[in-house]
Trainee: 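After the structure tokens below, expect a handful of questions from me.
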Amino acid sequence: MSTERKRKVSLFDVVDEAAVSTKLARVNGSFTVGAAAPLLPVTINRWTGRTYSQRYFEILDKRKTLPVWQQKDEFLQVLRDNQTLILVGETGSGKTTQISCDLDDLLAEIRVLTAYFVIEQIPQFVLEADFLGKRPMVACTQPRRVAAMSVSRRVAEEMDVTIGEEVGYSIRFEDCSSAKTILKYLTDGMLLREAMADPLLERYKVIILDEAHERTLATDVLFGLLKEVLRNRPDLKLVVMSATLEAEKFQGYFNGAPLMKVPGRLHPVEIFYTQDPERDYLEAAIRTVVQIHMCETPGDILVFLTGEEEIEDACRKITKEINNLGDQVGPIKAVPLYSTLPPAMQQKIFEPAPAPLKEGGLPGRKIVVSTNIAETSLTIDGIVYVIDPGFSKQKVYNPRIRVESLLVSPISKASAHQRSGRAGRTQPGKCFRLYTEKSFNNDLQPQTYPEILRSNLANTVLTLKKLGIDDLVHFDFMDPPAPETLMRALEVLNYLGALDDDGNLTKLGEIMSEFPLDPQMSKMLVVSAEFNCSNEILSISAMLSELQFLNYFLMKQCWSRLYASADLLWASSVITILSIVPNCFVRPRDAQKAADEAKARFGHIDGDHLTLLNVYHAYKQNNEDPSWCFDNFINQRALKAADNVRQQLVRIMARFNLKLCSTDFNSRDYYVNIRKALLAGYFMQVAHLERTGHYLTVKDNQVVHLHPSNCLDHKPEWVIYNEYVLTSRNFIRTVTDIRGEWLIDIAPHYYDLINFPSCEAKRVLERLYSKREKDKQDTKNKK
DNA sequence: GAGCACTGC
């Protein structure tokens, strides 16, 4: 029904648009009369029909000084003569964001840059193309939400239009566009969503994929999809924007499309390497900071390290060492930066360097010590020196045993390049690489290993099926995933009932594909009404999915060789292996005991899923009060985000007429029904307690341990788990007590005993099955 | 009894 209403609105808007264009024609008509007209400056905005503001001309003058402006005519000509065009250069250098989970905060804090860059200009050039018709609609994708928002706002300003009207953006939770919109910035995942409803993307005349070199999962899927669409739509044009490193690969993939180089970065950066390899990169980084501070001209320093503890440690050591130098040097301020840092602390990176201690004294310097959050997601102006030890923490996924872990690994050349670029934002800079030039050339991988090759593809396969791609094996991936990964995904979807035995999308699968969740979770949600607890499952899903933003999906950096030898690496004690902890519960260093006690108050003896439900309920009962969150060591941002997700899920449930219901809270079945519903989605993630006292995952037979963060007060015979992580041991995290009988009731096709490796769990299930048979016989006999 | 790279729908 909501689609129906939407259609009516857009019909209305088409009428409205026609009215606008007649008005426009009239305005332009009166304007172009007379031979002298072309010499006059254009004063009427052709998109709005309004007179341009003074500010428009001020910005225009600056835009005209940009190097890319020189290439406008050439660009338009190449675009006219070709269906696909690849632009290479330093993309993505014109965005600035501040860290925050809250979109409102972000909007208030986005700072306007004084420099203008390629991705703001190219779409505007496209709109000026006369060969695309009167009001061609242009889409421009970005891998990150904030980029889509901030760039579109900037462009709306440059075009002298209101954001959300002619220029807009569309991201999850927020569609700021209208029927008037001719240029829409959106996340790559969002364009993929649009393609699910409109497979030929017919509303667009031009699609621009920015930051294509980042190779996000969504971008990779769009590549293959758009290649198909371009064949079916000769009128559609595609512009791919990428960094230079793999330009030829892109060209080869897009059938020899023309390459055009565009200038990007404003200032040169001088690169320095060490003569010999460094044994201790942390020590070397601190030493380099001190040297820069003593010997180099003023300018802030950015140091890349791998994790919170290392960063805090480095900040302390830097401050100590510089203080030891006394009056010989100016004052410094060492500022840590990582994603879990409270926002108030994060703000510190934008504070100016400290002033000289006395008038005419040595200048101060700001030293930002950061994870690779500062590599792509966040830009800090004023950085002149970058220190790059060459490592970052990267997530590794092994599809064979479905285990993920985080490990400190060497970065890629592309990543090193990106890091050094951070030095040249405001003036010429210097980058100190704490490895040898030989090592850079020979040891670092050229590119970020694409996400699609190291991800669980169950969700992607479901999306592709929904997009009408039946033959996954012959789908034109730029880097085809391993056949086993695809097979594994198909198998999981078949067990969940999303695909039938021929691999075709079922009705259930179609509904599941509409949820922005992984398939197990959407299955659980879709069937939860059958267990009379969809309200509660909604809350749990929202909480889990909010946590999964942090710990389940996608992994980013380069690591192909690591991947190939991952098993060996896991065995290696040299490499630091860390896990990712969900952040719904806050545990400050100075109040760990109080935080644990607060958490225990929410604990549910049957498991962590139910504990999450308790937290959500308590949050709502306390009117989402931030001070209540603070007092109870609850991360308010996480809860707010979960609530946001929940609302979106409710809307999708309504679209498919899925009932919202709850079991009576006083009923004995209230929690039983919830636990059963969990199993309906996650029946493939069950572990059994062996007589030895260890848990074994069912079917995979991996020895696992309950993560100590769990809140069970006993060791249940059967548990369902949300994730399996490898840190110091094999852990299953977020676990809930379930009953063996439910396995054979709810997922008999998975627990069929025929393709089941022999183990204790199998023998227990066999007993349960025969007991079930016997019970059936008994009841029959009684009758 | 563990220890927090980064994003997307």
Side-chain angles (χ1 to χ4, degrees), chain A residues 97 99 101 141-148 170-175 186-196 211 214-222 304-312 337-341 370-378 391-396 404-409 411 415 448 451 455 459-460 462-463 466 513-518 521-522 545 547-559 576-587 589 592 596 635 644-645 648-649 652 705-711 725-729 731 733:
Chain A
T97 57
I99 309 173
C101 207
T141 69
Q142 295 291 324
R144 282 168 287 279
R145 290 185 207 162
V146 275
S170 179
I171 56 175
R172 186 181 184 181
F173 304 126
E174 198 186 353
D175 181 6
L186 68 179
T187 50
D188 47 11
M190 203 67 201
L191 187 62
L192 207 51
R193 283 278 145 182
E194 288 191 0
M196 284 169 63
E211 313 270 23
E214 283 196 23
R215 305 287 306 276
T216 66
L217 238 177
T219 296
D220 265 23
V221 174
L222 282 171
F304 285 100
L305 292 178
T306 63
E308 173 180 344
E309 211 172 286
E310 197 177 81
I311 286 170
E312 294 285 357
L337 176 63
Y338 43 87
S339 66
T340 50
L341 197 70
S370 170
T371 61
N372 50 356
I373 187 172
E375 193 178 298
T376 48
S377 305
L378 191 114
F391 292 95
S392 72
K393 234 175 248 179
Q394 291 159 42
K395 198 161 168 180
V396 180
E404 57 190 29
S405 49
L406 259 185
L407 41 88
V408 174
S409 339
I411 61 171
S415 206
T448 296
E451 207 169 1
S455 301
N459 209 8
T460 305
L462 187 61
T463 306
K466 170 71 185 173
S513 74
E514 294 289 331
F515 284 93
L517 303 171
D518 73 282
M521 203 183 286
S522 38
S545 111
L547 303 185
Q548 283 186 353
F549 276 130
L550 300 152
N551 60 30
Y552 181 43
F553 273 70
L554 318 184
M555 319 131 203
K556 244 189 173 153
Q557 296 288 323
C558 58
W559 61 292
T576 319
I577 301 174
L578 299 157
S579 79
I580 319 163
V581 174
N583 70 344
C584 153
F585 298 101
V586 184
R587 200 161 181 258
R589 262 169 226 281
Q592 296 190 346
D596 289 345
N635 180 345
N644 223 343
V645 172
Q648 187 189 27
L649 298 179
I652 301 171
H705 306 271
L706 300 181
H707 194 276
S709 64
N710 84 78
C711 57
V725 291
L726 178 81
T727 51
S728 51
R729 300 163 100 179
F731 285 115
R733 194 159 48 189

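Just so it is clear: chains get the letters A, B, ... in the order the sequence lines come, proteins before strands, and each one is counted from 1. Computation of the quantities below employed the complete heavy-atom set of this structure, encompassing side-chain atoms and omitting hydrogens, waters and symmetry-equivalent molecules. Model, not experiment: these values are computed from the prediction.
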Trainee: Between A:Tyr338 (OH) and B:dA5 (P), how many Å, whole number?
Mentor: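 To the nearest whole Å, that distance equals 9 Å.
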Trainee: Are OP1 or OP2 of B:dC9 and a side-chain N or O of A:Thr463 less than 4.0 angstrom apart?
Mentor: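 Negative; the distance criterion is not met.
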Trainee: Rounded to whole Å, how long is the line connecting atom CD1 of A:Ile311 with atom P of B:dC4?
Mentor: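 To the nearest whole Å, that distance equals 11 Å.
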Trainee: Could you state the atom-to-atom distance from CG of A:Asn644 to P of B:dC9 in whole Å?
Mentor: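 Taking atom P of B:dC9 as the reference, CG of A:Asn644 is at 12 Å.
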Trainee: In whole Å, what is the span from the CG atom of A:Leu217 to the C1' atom of B:dG8?
Mentor: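 After rounding, the gap between these two atoms is 9 Å.
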Trainee: What nucleotide among B:dG8, B:dC4, B:dG1 has an atom nearest to a side-chain atom of A:Lys393?
Mentor: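 Out of B:dG8, B:dC4, B:dG1, the nucleotide with an atom closest to A:Lys393's side chain is B:dC4.
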Trainee: Quick one: which of A:Leu305, A:Thr306, A:Ile311, A:Asn372 gives a side chain to side chain contact (heavy atoms under 4.5 Å, CB included) with A:Tyr338?
Mentor: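 Answer after filtering A:Leu305, A:Thr306, A:Ile311, A:Asn372: A:Ile311.
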Trainee: Over how many whole Å does the gap from A:Glu451 atom CD to B:dC9 atom P extend?
Mentor: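 About 13 Å, once rounded to whole Å.
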Trainee: Starting at atom CZ of A:Arg145, determine the distance to atom C1' of B:dC6, rounded to an integer number of angstrom.
Mentor: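 Result: 13 Å.
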Trainee: Between P on B:dG3 and CG on A:Asp596, what's the gap in Å once rounded to a whole number?
Mentor: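 Atom CG in A:Asp596 sits about 15 Å away from atom P in B:dG3.
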Trainee: Which nucleotide sits closest to the side chain of A:Arg144: B:dA2, B:dC6, B:dG8?
Mentor: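 Looking only at side-chain atoms, A:Arg144 lies closest to B:dG8.
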Trainee: Of all the nucleotides listed (B:dC4, B:dA2, B:dC9), which has the minimum atom distance to the side chain of A:Ile171?
Mentor: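 Minimum distance to the A:Ile171 side chain belongs to B:dC9.
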Trainee: Under the salt bridge (charged side-chain N to carboxylate O under 4.0 Å, His left out) test, which residues partner A:Asp220, sequence neighbours left out?
Mentor: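 By the salt bridge (charged side-chain N to carboxylate O under 4.0 Å, His left out) rule, A:Asp220 matches A:Arg215.
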Trainee: Can you check whether A:Ser709 has a side-chain N or O nearer than 4.0 Å to OP1 or OP2 of B:dG1?
Mentor: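 A:Ser709 to B:dG1 OP1/OP2: no side-chain N or O under 4.0 Å.
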Trainee: Counting only side-chain N and O atoms of A:Arg193, is one of them less than 4.0 Å from OP1 or OP2 of B:dG8?
Mentor: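 For B:dG8, neither OP1 nor OP2 has a side-chain N or O of A:Arg193 closer than 4.0 Å.
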Trainee: Expressed in angstrom and rounded to an integer, what is the separation of A:Leu337 atom CG from B:dA5 atom P?
Mentor: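 Result: 12 Å.
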Trainee: Could you tell me whether A:Glu514 and A:Lys466 have a side-chain N and a carboxylate O separated by less than 4.0 Å?
Mentor: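 A:Lys466 and A:Glu514: salt-bridged.
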Trainee: Run the salt bridge (charged side-chain N to carboxylate O under 4.0 Å, His left out) test against A:Glu310 and tell me which residues pass, sequence neighbours left out.
Mentor: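 Result, salt bridge (charged side-chain N to carboxylate O under 4.0 Å, His left out) vs A:Glu310: none returned.
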Trainee: Nearest to the A:Asn372 side chain among B:dA2, B:dA5, B:dC9, which nucleotide is it?
Mentor: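 From the listed options, B:dA5 comes nearest.
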Trainee: We want to know whether A:Thr219 and A:Thr216 form a side-chain donor-acceptor pair, criterion being a heavy-atom distance below 3.5 angstrom.
Mentor: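 A donor-acceptor contact under 3.5 Å links the two side chains.
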Trainee: Choose from B:dA2, B:dC4, B:dC9 the nucleotide whose nearest atom is closest to any side-chain atom of A:His707.
Mentor: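 The answer is B:dA2.
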Trainee: If you assign each of A:Arg729 and A:Pro516 to its closest nucleotide in DNA chain B, which residue comes earlier from the 5' end?
Mentor: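 This one resolves to A:Arg729.
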Trainee: Considering heavy-atom distances to DNA chain B, does A:Thr306 or A:Phe515 have its closest nucleotide positioned more toward the 5' end?
Mentor: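 Its nucleotide being nearer the 5' end, the pick is A:Thr306.
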